[in-house]
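Only a predicted model underlies this, so the values are computations on that prediction, with no experimental measurement involved.
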Amino acid sequence: MSYVLPAGKALCLRTNNKDMTSYDGFQWPEAGYVAAPDWQPTPECGNGLHGLLWGAGKASLLNWDSTAKWLVVEINADEAINLDGKVKFPHCHVVYVGDRHGAAAFIVGKGKPMPFADLPRF
């Protein structure tokens with residue numbers, strides 16, 4: 001069964017360390033639901049989960065180490081907060097974990113990308 005992007009959802013690209021930890025040791029699952037324990041709907045970095053909406057944004061924010069895990073996560077499109085080069089969101093579903101080529105291939109053609117201009121600003 002192949003993945004189908006549900007209505008109202010968007011995909012984000014992100015990277016983790018090889019042990020699936022991210023900033024400050026936050027532990028991500030290999031699949032399924034994850035939520036930010038410190039969520040705050042503010043237009044500032046921190047207090048949420050972060051990624052590049054549809055894989056677009058500041059590539060310098062990604063982990064380019066050869067051992068990095070590349071994730072594609074499904075988010076509620078209307079909950080994404082634009083942080084100029086990345087977005088943050090309160091929760092998501094991990095739908096892919098692997099290498100960067102696989103993550104990029106997963107995102108391509110999975111839905112209609114939402115431009116950053118359409119994201120809420122505070």
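- A side chain to side chain contact (heavy atoms under 4.5 Å, CB included) with T15 is found for one member of D65, L62, L52 and no other, namely L62.
- For N16 against S22, the heavy-atom pair with the smallest separation is OD1-CB, 3.5 Å.
- Residue N76 holds its CG atom at 8.0 Å from CD of E74, rounded to the nearest 0.5 Å.
- What you find for L13 and G55 is that their closest heavy atoms are CB-CA, 3.8 Å.
- K18 contributes atom NZ, which lies 10.0 Å from atom NZ of K69 (distance to the nearest 0.5 angstrom).
- Distance alone, capped at 3.5 Å, places no donor-acceptor pair between the D24 side chain and the F26 backbone.
- Nearest heavy atom pair, residue A10 against residue A77, reads CB-CB, 4.1 Å.
- Note on residues 59-81: pairs passing ring pair (Phe, Tyr, Trp, His ring centres under 6.0 Å), not counting sequence neighbours, are W64-W70.
- Using a 4.5 Å cut-off on side-chain heavy atoms (C-beta onward), M20 and E30 make contact.
- With rounding to the nearest 0.5 Å, the separation of CG in L53 from CG in N82 is 8.5 Å.
- The distance between the ring centers of Y3 and F106 falls below 6.0 angstrom.
- The 12-atom threshold is exceeded at OH of Y33, counting heavy atoms of other residues, nucleotides or ligands nearer than 6.0 Å.
- What you find for G32 and P29 is that their closest heavy atoms are O-CG, 4.3 Å.
- Linking ILVMFWY side-chain heavy atoms closer than 4.5 Å, directly or via other members, places L61 and I107 in two distinct hydrophobic clusters.
- A side chain to side chain contact (heavy atoms under 4.5 Å, CB included) with W28 holds for exactly one of T21, L49, V97, D19; it is L49.
- Atom NZ of K88 sits about 12.5 Å away from atom CD of E79, to the nearest 0.5 Å.
- Annotation: the span from H91 atom NE2 to I75 atom CD1 amounts to 9.5 Å, rounded to 0.5 Å.
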Practice item. Show your working on side-chain contact (heavy atoms from CB on, under 4.5 Å) between N47 and W39 and close with a plain yes or no. Key: CA-CA 5 Å; N47 300 110; W39 171 248; 5.9 Å; no
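- Without hydrogens or angle criteria, H50 side chain to G48 main chain gives a donor-acceptor distance under 3.5 Å.
- Between the CG atom in L83 and the OG1 atom in T42 there is a gap of 8.0 Å [rounded to 0.5 Å].
- Across Y96 and G102, no two heavy atoms sit closer than the pair OH-CA, 3.2 Å.
- The minimum heavy-atom distance between V72 and A103, with the atom names listed, is CG2-O, 3.6 Å.
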